[in-house]
Amino acid sequence: MTDQSPTPTSTPSPEPAPVAPPPPPSSGGWRWILTCLVLGAVVFGGGTWYFQHRAGAPQQQAQAAPPPVLPVTVSKPRVETITEWDEFTGQFEAVDSVEIRARVSGYLDQIGFQDGQMVKKGDMLFVIDPRPFEIALASAKSALNSANARVALAKQQLGRAETLKQKDFTSQATLDQRQQEAVSAAADAQVAQSAINSAQLNLDFTHIAAPLDGRISRHEVSLGNLIMGGDGGETTLLTTIVSLDPIRLVFDMSESDYLAYQRREAEGKMASKREDLPVEAHLMDEEDWTLKGKMDFVNNQVDRSSGTIRARAVFANPGLLITPGQFGRIRITGSEPHEALLIPDSAIVSDQSRKIVMTVDKDGKVVPKVIRPGPGYQGLRIVRSGLSKDDVIIVDGLLRARPGATVKPEQGKIEFPPDPKN
């Protein structure tokens with residue numbers, strides 16, 4: 001059975017009625033519209049003028065205002081009459097150092113010192129058992145007595161032969177033989193005497209004395225040990241002695257420093273020769289230059305591998321405070337007394353490999369100058385070149401100084417920093 005539903009039929013919508021045009025405005029409506037337009041133009045123009053002349057004025061004033069002038073502390077370089085010094089690090093060494101070794105072999109019999117004590121030249125240090133050498137000396141003396149007896153006999157026989165030859169009771173051959181026997185006996189006596197001298201010398205070598213004044217090290221061999229002696233081969237080291245007063249300080253200086261000294265000496269600017277230059281030194285725990293000495297040696301060639309040359313100075317060490325092997329600091333006069341410009345290190349600016357100071361001209365503008373600084377002097381820095389004593393440099397406030405900027409200089413003064421020990 002089929003469900004049949006009525007199909008809806010569309011009804012056409014009625015067409016819209018035509019709209020009538022609005023009536024023309026009256027004369028009162030037009031006045032109201034014109035009034036609104038005029039008021040809007042006035043409000044817009046007034047707002048524009050306000051924002052341009054009032055709200056934007058502070059920004060324009062800020063852009064037009066010049067940058068502030070920042071204060072800095074300035075001063076002229078300090079001028080002092082000084083003597084420049086070049087400083088080096090070196091190591092102390094003894095003027096004399098001796099290894100004590102035995103000249104003869106034997107058993108160690110005595111030790112005559114305490115390890116590390118001071119000894120004087122001639123003090124007995126070691127004794128090797130002398131009995132074998134005493135026996136050898138006695139044997140040599142006996143041999144000499146026998147040789148002397150033969151000499152006496154040969155002389156008697158020679159005298160009788162000469163007497164007989166004068167009376168033609170003996171031949172010339174016999175006389176010659178007696179002469180040869182006398183010469184041979186005399187030679188044997190000389191050999192015996194040499195043997196005595198050798199035996200006596202070996203006996204003396206059994207007693208080993210200090211060859212110099214100084215401090216002795218520890219004994220390397222204990223009592224009862226066999227000592228190997230001799231003039232060559234493996235000899236036994238017994239101990240060492242080093243002298244302490246005076247003492248030397250050895251150091252290396254660069255080729256450029258050495259060349260500078262050579263030139264100053266050639267130009268006559270050094271009061272002393274390089275081997276007699278006065279020097280000062282101190283130990284590593286000291287700050288004052290307490291040691292006074294002089295140069296006594298400069299090597300004859302520059303080390304090719306390091307580009308340095310070895311030099312040496314000598315100092316008195318009466319209190320025996322300095323021990324060979326210690327390190328020390330030495331300074332050498334680098335010039336005669338002269339006027340130098342001194343500035344603090346804080347006034348120096350590093351620009352790659354250049355050193356610069358900021359100066360202020362008469363108009364207050366910052367002008368950088370490249371300088372060549374020298375060594376330090378009592379807490380300040382010597383300026384070799386690039387600066388004059390009339391230049392005004394900035395000593396405080398470098399962070400506020402830019403090249404070409406204008407600053408407000410405030411007068412300061414360069415002083416030596418206080419001694420930290422006071």
Side-chain angles (χ1 to χ4, degrees), residues 88-130 133 200-223 225 227-232 234-251 272 275-286 288-299 310-330 332:
F88 307 94
T89 298
Q91 193 169 18
F92 289 98
E93 68 174 21
V95 174
D96 296 308
S97 177
V98 179
E99 292 183 344
I100 305 299
R101 297 178 182 270
R103 299 287 296 273
V104 293
S105 300
Y107 287 92
L108 185 61
D109 193 44
Q110 297 179 32
I111 297 177
F113 64 93
Q114 296 292 327
D115 291 353
Q117 78 173 61
M118 295 296 299
V119 296
K120 295 291 186 179
K121 182 178 180 180
D123 289 349
M124 192 58 58
L125 304 179
F126 299 95
V127 176
I128 297 173
D129 187 2
F133 303 96
Q200 183 64 57
L201 188 60
N202 288 335
L203 180 60
D204 294 340
F205 284 158
T206 61
H207 293 70
I208 303 173
L212 52 87
D213 297 348
R215 189 181 298 280
I216 197 167
S217 180
R218 67 185 182 92
H219 62 276
E220 300 290 342
V221 181
S222 299
L223 294 176
N225 282 283
I227 305 300
M228 300 303 296
D231 295 331
E234 291 293 333
T235 57
T236 303
L237 175 64
L238 301 178
T239 188
T240 58
I241 301 176
V242 294
S243 63
L244 296 179
D245 185 23
I247 196 166
R248 290 169 174 159
L249 181 60
V250 179
F251 61 96
S272 305
E275 288 83 4
D276 296 322
L277 284 174
V279 296
E280 297 179 351
H282 65 74
L283 300 178
M284 301 309 291
D285 64 341
E286 297 175 332
D288 295 333
W289 302 91
T290 57
L291 304 176
K292 312 297 181 182
K294 66 176 184 177
M295 296 283 294
D296 72 335
F297 168 76
V298 178
N299 206 355
R310 178 143 296 186
R312 189 180 68 199
V314 61
F315 299 90
N317 187 26
L320 308 183
L321 175 65
I322 308 171
T323 301
Q326 286 182 282
F327 286 91
R329 191 75 175 162
I330 185 173
I332 309 172

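Quick caveat: nothing in here was measured; it's all calculated off a predicted structure.
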Interatomic distance, F133 atom CZ to N202 atom CG [nearest 0.5 angstrom]: 6.0 Å
I241 side chain near L125 side chain, heavy-atom distance below 4.5 Å: yes
Nearest-0.5 Å distance that lies between atom CG in L321 and atom CG in D245: 11.5 Å
M228 side chain near T235 side chain, heavy-atom distance below 4.5 Å: no
Separation between CH2 of W289 and CD1 of I330, rounded to the nearest 0.5 Å: 8.5 Å
Nearest atoms (heavy-atom pairs only) where S105 meets G229: OG-N, 2.9 Å
For the student: nearest non-hydrogen atoms of L238 and A102, plus distance: CD1-N, 4.2 Å
Over all atoms of both residues, closest heavy-atom pair of A210 and V119: CB-CG2, 4.2 Å
Taking every non-hydrogen atom, the tightest pair across S243 and L212: N-CD1, 4.3 Å
Which residues share a side-chain hydrogen bond (donor to acceptor under 3.5 Å, both in side chains) with K121, sequence neighbours left out: none
F205 CZ to R103 CZ distance, which is reported to the nearest 0.5 Å: 3.5 Å
Contacts of type ring pair (Phe, Tyr, Trp, His ring centres under 6.0 Å), residue F315, not counting sequence neighbours: none
Heavy-atom pair of closest approach, residues L108 and S222: CD2-O, 3.4 Å
Under 3.5 Å donor-acceptor pairs involving side-chain atoms of residues 109-118, not counting sequence neighbours:
residue: D115; atom: OD1; partner: H219; partner atom: N; Å: 3.2
residue: D115; atom: OD1; partner: H219; partner atom: ND1; Å: 2.9
residue: D115; atom: OD2; partner: H219; partner atom: ND1; Å: 3.4
residue: Q117; atom: OE1; partner: Q114; partner atom: N; Å: 2.7

CG-CG distance between L291 and L283, expressed to the nearest 0.5 angstrom: 6.0 Å
Sub-4.5 Å side-chain heavy-atom contact between L249 and V279: no
Pairwise side chain to side chain donor-acceptor pair (under 3.5 Å) hits with a residue in residues 310-325, at least two apart: D252-R310, D296-R312
Distance in Å, T236 OG1 paired with N225 CG, rounded so as to fall on 0.5 Å steps: 9.0 Å
Please output the side-chain donor-acceptor pairs of residues 88-100 that fall under 3.5 Å, not counting sequence neighbours, one pair per line with the distance.
residue: T89; atom: OG1; partner: R329; partner atom: NH1; Å: 2.5
residue: Q91; atom: NE2; partner: G325; partner atom: O; Å: 2.9
residue: E99; atom: OE1; partner: R101; partner atom: NE; Å: 3.3
residue: E99; atom: OE1; partner: R101; partner atom: NH2; Å: 3.1

Partners meeting side-chain hydrogen bond (donor to acceptor under 3.5 Å, both in side chains) with E220 (sequence neighbours left out): R218
Minimal non-hydrogen separation, L244 against P324, with atom names: CD2-CD, 3.4 Å
